[in-house]
Peer 1: 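Structure provided below as C-alpha coordinates; questions to follow.
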Amino acid sequence: MSDWPSEHPRRPASATFHTASYVTLAGADWLASADPCPESVHARWAACPDAPSTLPCGSVFDVINAPALFGRELVDRLWTAGPGSGPVATHRGRILLFAEPGTARRLPALLGWEEWSGSVPPLLCHGAGDAVTVPPLFPHRPARPDPPYGAPAGPTSDAPTPNSDRTNPDRPDSDRPDATSRWLVAPDVRHPWLPGPGTLLWACIRAARRVHTGGAEPAAGAPGSSAPAL
(Lines give C-alpha, C1' and ligand atoms only; values in the text may rest on other atoms or scores of the structure.)
Protein backbone atom coordinates (compact mmCIF):
# COMPACT_ATOMS: atom_id res chain seq x y z
CA MET A 1 0.00 0.00 0.00
CA SER A 2 2.88 2.35 -0.68
CA ASP A 3 1.18 4.01 -3.62
CA TRP A 4 -2.35 4.73 -4.77
CA PRO A 5 -3.61 1.37 -6.13
CA SER A 6 -3.71 1.35 -9.92
CA GLU A 7 -6.99 -0.57 -9.92
CA HIS A 8 -8.76 2.39 -8.31
CA PRO A 9 -9.52 5.36 -10.56
CA ARG A 10 -7.79 8.60 -9.77
CA ARG A 11 -9.55 11.91 -9.62
CA PRO A 12 -10.37 13.05 -13.16
CA ALA A 13 -7.25 14.39 -14.89
CA SER A 14 -9.07 17.61 -15.72
CA ALA A 15 -9.67 18.36 -12.03
CA THR A 16 -7.44 20.96 -10.47
CA PHE A 17 -5.79 20.22 -7.15
CA HIS A 18 -6.65 23.28 -5.14
CA THR A 19 -8.21 24.00 -1.80
CA ALA A 20 -10.68 26.88 -1.82
CA SER A 21 -11.32 28.36 1.61
CA TYR A 22 -14.73 29.80 0.73
CA VAL A 23 -17.76 28.48 -1.11
CA THR A 24 -18.32 29.79 -4.63
CA LEU A 25 -21.76 30.39 -6.15
CA ALA A 26 -21.51 27.06 -7.98
CA GLY A 27 -20.48 25.32 -4.76
CA ALA A 28 -23.38 26.90 -2.90
CA ASP A 29 -25.78 25.62 -5.57
CA TRP A 30 -24.37 22.12 -5.08
CA LEU A 31 -24.74 22.25 -1.30
CA ALA A 32 -28.27 23.66 -1.51
CA SER A 33 -29.31 20.91 -3.95
CA ALA A 34 -29.08 18.43 -1.06
CA ASP A 35 -32.16 20.05 0.49
CA PRO A 36 -35.66 19.29 -0.87
CA CYS A 37 -36.20 23.07 -1.06
CA PRO A 38 -32.90 24.61 -2.21
CA GLU A 39 -34.50 28.06 -2.53
CA SER A 40 -35.09 28.17 1.23
CA VAL A 41 -31.43 27.27 1.84
CA HIS A 42 -30.30 30.15 -0.38
CA ALA A 43 -32.70 32.45 1.47
CA ARG A 44 -31.19 31.44 4.83
CA TRP A 45 -27.69 32.05 3.51
CA ALA A 46 -28.71 35.45 2.15
CA ALA A 47 -30.08 36.42 5.57
CA CYS A 48 -27.22 34.93 7.64
CA PRO A 49 -24.19 34.26 5.40
CA ASP A 50 -21.87 33.82 8.40
CA ALA A 51 -23.97 31.16 10.16
CA PRO A 52 -23.53 27.37 9.85
CA SER A 53 -26.30 25.43 8.11
CA THR A 54 -27.85 21.98 8.49
CA LEU A 55 -28.22 19.88 5.34
CA PRO A 56 -29.53 16.35 4.75
CA CYS A 57 -27.25 13.55 3.59
CA GLY A 58 -27.90 10.59 1.33
CA SER A 59 -29.00 12.08 -1.98
CA VAL A 60 -26.24 14.47 -3.07
CA PHE A 61 -23.51 13.43 -0.65
CA ASP A 62 -22.71 11.35 2.41
CA VAL A 63 -20.38 12.59 5.14
CA ILE A 64 -17.70 10.64 6.98
CA ASN A 65 -17.14 12.24 10.37
CA ALA A 66 -13.74 11.46 11.91
CA PRO A 67 -11.88 12.51 15.07
CA ALA A 68 -9.63 15.51 14.44
CA LEU A 69 -6.19 13.85 14.56
CA PHE A 70 -7.16 10.80 12.51
CA GLY A 71 -9.27 12.91 10.16
CA ARG A 72 -6.34 15.21 9.39
CA GLU A 73 -4.14 12.20 8.71
CA LEU A 74 -6.86 10.78 6.48
CA VAL A 75 -7.08 13.99 4.44
CA ASP A 76 -3.30 14.12 4.20
CA ARG A 77 -3.17 10.57 2.83
CA LEU A 78 -5.83 11.39 0.25
CA TRP A 79 -3.91 14.40 -1.01
CA THR A 80 -0.30 13.21 -0.81
CA ALA A 81 -0.67 9.63 -2.03
CA GLY A 82 -4.18 9.35 -3.43
CA PRO A 83 -6.59 11.11 -5.73
CA GLY A 84 -7.32 14.12 -3.55
CA SER A 85 -10.66 14.68 -1.89
CA GLY A 86 -14.00 16.30 -2.30
CA PRO A 87 -15.10 19.08 0.07
CA VAL A 88 -13.73 18.78 3.61
CA ALA A 89 -14.78 20.76 6.67
CA THR A 90 -13.96 20.89 10.36
CA HIS A 91 -16.77 21.21 12.88
CA ARG A 92 -16.48 21.15 16.68
CA GLY A 93 -13.10 19.48 16.62
CA ARG A 94 -13.97 16.79 14.05
CA ILE A 95 -13.25 16.40 10.35
CA LEU A 96 -16.13 16.06 7.88
CA LEU A 97 -15.27 14.40 4.56
CA PHE A 98 -17.94 14.66 1.87
CA ALA A 99 -18.28 11.39 -0.03
CA GLU A 100 -20.39 9.66 -2.68
CA PRO A 101 -23.96 8.82 -1.63
CA GLY A 102 -23.99 5.28 -0.28
CA THR A 103 -20.52 5.52 1.27
CA ALA A 104 -21.92 5.82 4.81
CA ARG A 105 -23.57 2.41 4.44
CA ARG A 106 -20.75 0.58 2.66
CA LEU A 107 -17.59 1.89 4.33
CA PRO A 108 -18.18 0.32 7.80
CA ALA A 109 -18.83 -3.07 6.17
CA LEU A 110 -15.64 -2.83 4.10
CA LEU A 111 -13.59 -1.80 7.14
CA GLY A 112 -14.86 -4.85 9.02
CA TRP A 113 -12.95 -7.11 6.63
CA GLU A 114 -9.62 -5.30 6.95
CA GLU A 115 -6.75 -6.45 9.16
CA TRP A 116 -6.00 -2.88 10.26
CA SER A 117 -9.60 -1.92 10.99
CA GLY A 118 -8.96 -2.16 14.72
CA SER A 119 -6.57 0.77 14.43
CA VAL A 120 -9.19 2.98 12.79
CA PRO A 121 -11.00 5.06 15.43
CA PRO A 122 -14.80 4.98 15.42
CA LEU A 123 -16.14 6.91 12.44
CA LEU A 124 -19.56 8.55 12.30
CA CYS A 125 -21.00 7.77 8.88
CA HIS A 126 -23.87 10.08 7.91
CA GLY A 127 -26.07 8.84 5.07
CA ALA A 128 -29.73 8.66 4.12
CA GLY A 129 -31.92 9.92 6.95
CA ASP A 130 -29.11 11.87 8.60
CA ALA A 131 -28.23 15.56 8.54
CA VAL A 132 -24.96 17.40 9.15
CA THR A 133 -23.98 20.92 10.10
CA VAL A 134 -21.84 22.61 7.45
CA PRO A 135 -19.70 25.72 7.97
CA PRO A 136 -20.65 29.22 6.80
CA LEU A 137 -20.11 30.00 3.15
CA PHE A 138 -17.32 32.47 3.91
CA PRO A 139 -14.63 32.47 6.61
CA HIS A 140 -15.38 34.72 9.54
CA ARG A 141 -13.58 38.05 9.61
CA PRO A 142 -13.66 40.01 12.88
CA ALA A 143 -15.28 43.41 12.58
CA ARG A 144 -12.92 46.36 12.87
CA PRO A 145 -13.98 49.23 15.14
CA ASP A 146 -14.20 52.64 13.53
CA PRO A 147 -11.21 54.87 14.38
CA PRO A 148 -11.84 57.81 16.77
CA TYR A 149 -13.05 61.00 15.11
CA GLY A 150 -10.10 62.88 13.68
CA ALA A 151 -7.68 59.96 14.05
CA PRO A 152 -5.75 58.83 10.95
CA ALA A 153 -7.45 56.04 9.10
CA GLY A 154 -4.31 53.90 9.19
CA PRO A 155 -3.27 51.31 6.61
CA THR A 156 -5.92 50.09 4.21
CA SER A 157 -4.44 46.63 3.86
CA ASP A 158 -6.54 43.65 4.95
CA ALA A 159 -3.53 42.15 6.70
CA PRO A 160 -4.30 41.40 10.36
CA THR A 161 -2.83 43.67 12.99
CA PRO A 162 -0.73 42.27 15.85
CA ASN A 163 -3.66 42.72 18.24
CA SER A 164 -6.28 41.14 16.01
CA ASP A 165 -8.04 37.91 17.02
CA ARG A 166 -6.54 36.04 14.08
CA THR A 167 -2.95 36.59 15.13
CA ASN A 168 -3.12 36.76 18.93
CA PRO A 169 -1.28 33.64 20.14
CA ASP A 170 -2.65 34.07 23.66
CA ARG A 171 -6.23 33.55 22.58
CA PRO A 172 -7.18 29.83 22.56
CA ASP A 173 -8.51 28.47 19.28
CA SER A 174 -11.76 27.39 20.93
CA ASP A 175 -12.54 31.07 21.60
CA ARG A 176 -12.13 32.17 17.99
CA PRO A 177 -15.45 32.82 16.21
CA ASP A 178 -14.39 30.71 13.21
CA ALA A 179 -12.60 27.95 15.13
CA THR A 180 -15.50 25.50 15.54
CA SER A 181 -16.71 25.35 11.94
CA ARG A 182 -14.77 26.14 8.77
CA TRP A 183 -13.98 24.75 5.34
CA LEU A 184 -10.65 23.07 4.67
CA VAL A 185 -11.60 22.28 1.07
CA ALA A 186 -14.68 24.33 0.19
CA PRO A 187 -17.16 23.37 -2.56
CA ASP A 188 -16.33 25.47 -5.61
CA VAL A 189 -17.98 23.65 -8.55
CA ARG A 190 -21.52 22.51 -9.32
CA HIS A 191 -20.55 18.82 -9.57
CA PRO A 192 -17.54 18.16 -7.32
CA TRP A 193 -15.66 14.90 -7.43
CA LEU A 194 -16.44 12.83 -4.33
CA PRO A 195 -14.48 9.83 -3.03
CA GLY A 196 -16.36 6.57 -2.77
CA PRO A 197 -16.16 3.77 -0.18
CA GLY A 198 -13.19 2.08 -1.89
CA THR A 199 -11.17 5.27 -1.93
CA LEU A 200 -11.89 6.04 1.71
CA LEU A 201 -11.23 2.43 2.75
CA TRP A 202 -7.77 2.66 1.20
CA ALA A 203 -7.11 6.02 2.87
CA CYS A 204 -8.38 4.84 6.28
CA ILE A 205 -6.13 1.78 6.29
CA ARG A 206 -3.13 3.76 5.12
CA ALA A 207 -3.74 6.44 7.76
CA ALA A 208 -4.21 3.79 10.48
CA ARG A 209 -0.94 2.10 9.55
CA ARG A 210 0.87 5.42 9.54
CA VAL A 211 -0.51 6.44 12.92
CA HIS A 212 0.14 2.99 14.42
CA THR A 213 3.74 2.77 13.26
CA GLY A 214 4.49 6.44 13.83
CA GLY A 215 6.52 6.47 10.63
CA ALA A 216 6.49 8.64 7.54
CA GLU A 217 5.78 6.58 4.47
CA PRO A 218 7.20 7.81 1.17
CA ALA A 219 4.37 8.49 -1.22
CA ALA A 220 4.14 9.04 -4.93
CA GLY A 221 1.45 11.70 -5.11
CA ALA A 222 -0.23 12.96 -8.20
CA PRO A 223 1.85 15.54 -10.10
CA GLY A 224 1.02 19.03 -8.98
CA SER A 225 -1.05 17.94 -6.01
CA SER A 226 -0.70 19.53 -2.62
CA ALA A 227 -2.33 18.76 0.69
CA PRO A 228 -4.68 21.41 2.08
CA ALA A 229 -3.43 23.44 5.00
CA LEU A 230 -5.00 21.96 8.13
Side-chain angles (χ1 to χ4, degrees), residues 18-68 71-72 75 85-101 103-104 124-147 153-154 156-161 163-194 228-230:
H18 56 109
T19 55
S21 60
Y22 64 90
V23 180
T24 64
L25 291 175
D29 284 342
W30 175 72
L31 283 173
S33 69
D35 192 275
C37 187
E39 295 81 6
S40 66
V41 178
H42 281 291
R44 291 198 305 269
W45 284 335
C48 301
D50 58 349
S53 305
T54 301
L55 295 174
C57 301
S59 60
V60 175
F61 53 76
D62 282 0
V63 172
I64 305 303
N65 184 329
R72 289 168 184 263
V75 175
S85 72
V88 181
T90 177
H91 181 69
R92 293 187 176 179
R94 296 182 67 89
I95 301 296
L96 309 180
L97 291 97
F98 287 69
E100 287 182 356
T103 299
L124 304 179
C125 299
H126 306 293
D130 298 327
V132 294
T133 300
V134 301
L137 300 186
F138 300 96
H140 177 85
R141 294 185 181 276
R144 293 183 177 180
D146 294 332
T156 57
S157 170
D158 289 334
T161 61
N163 294 325
S164 71
D165 291 339
R166 286 174 287 170
T167 59
N168 186 351
D170 296 328
R171 182 175 182 182
D173 286 344
S174 60
D175 291 341
R176 298 178 189 270
D178 60 347
T180 60
S181 187
R182 66 185 179 94
W183 291 103
L184 301 179
V185 183
D188 58 352
V189 294
R190 184 61 179 81
H191 300 286
W193 179 85
L194 299 175
L230 302 180

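Treat the numbers as computed from the prediction; the structure is a model and nothing was measured.
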Peer 1: How many angstroms lie between SG in Cys48 and CG in Leu137, if you round to the nearest 0.5 Å?
Peer 2: 11.0 Å

Peer 1: If I compare all heavy atoms of Ala104 with all of Cys125, which pair ends up nearest, and what's the gap?
Peer 2: O-CB, 3.5 Å

Peer 1: Quick check: do Ile95 and Leu184 have side-chain heavy atoms less than 4.5 Å from each other?
Peer 2: yes

Peer 1: Does Pro49 have any side-chain contact (heavy atoms from CB on, under 4.5 Å) partners at least two apart in sequence or in another chain, and if so, which?
Peer 2: none

Peer 1: Can you name the side chain to side chain donor-acceptor pair (under 3.5 Å) partners of Arg190, sequence neighbours left out?
Peer 2: none

Peer 1: Could you check whether any side-chain heavy atom of Pro101 comes within less than 4.5 Å of a side-chain heavy atom of Val60, counting everything from C-beta outward?
Peer 2: no

Peer 1: Test of understanding: with side-chain contact (heavy atoms from CB on, under 4.5 Å), list the residues that count as partners of Thr133, not counting sequence neighbours.
Peer 2: Pro52, Thr54, His91

Peer 1: Shortest non-hydrogen contact from Gly71 to Ala66?
Peer 2: CA-CB, 3.9 Å

Peer 1: Which atom pairs, one a donor and one an acceptor, fall under 3.5 Å between side chains of residues 38-47 and the rest of the protein, sequence neighbours left out?
Peer 2:
{"residue": "Ser40", "atom": "OG", "partner": "Cys37", "partner atom": "O", "Å": "2.7"}
{"residue": "His42", "atom": "NE2", "partner": "Asp29", "partner atom": "OD1", "Å": "3.1"}
{"residue": "Trp45", "atom": "NE1", "partner": "Ser53", "partner atom": "OG", "Å": "2.6"}

Peer 1: Could I get the full list of side-chain contact (heavy atoms from CB on, under 4.5 Å) partners for Val132, not counting sequence neighbours?
Peer 2: Cys57, Phe61, Val63, His126, Val134

Peer 1: Can you measure from CG (Asn65) to CG (Leu96) and round to the nearest 0.5 angstrom?
Peer 2: 5.0 Å

Peer 1: Counting distance only, does the side-chain N/O of Asp130 pair as donor-acceptor with the main-chain N or O of Gly127 below 3.5 Å?
Peer 2: yes

Peer 1: Got a second to check how far Ile64's CD1 is from Ser85's OG, nearest 0.5 Å?
Peer 2: 13.0 Å

Peer 1: The criterion is side-chain contact (heavy atoms from CB on, under 4.5 Å); which residues satisfy it with Pro87, sequence neighbours excluded?
Peer 2: Trp30, Phe98, Trp183, Pro187, Pro192, Leu194

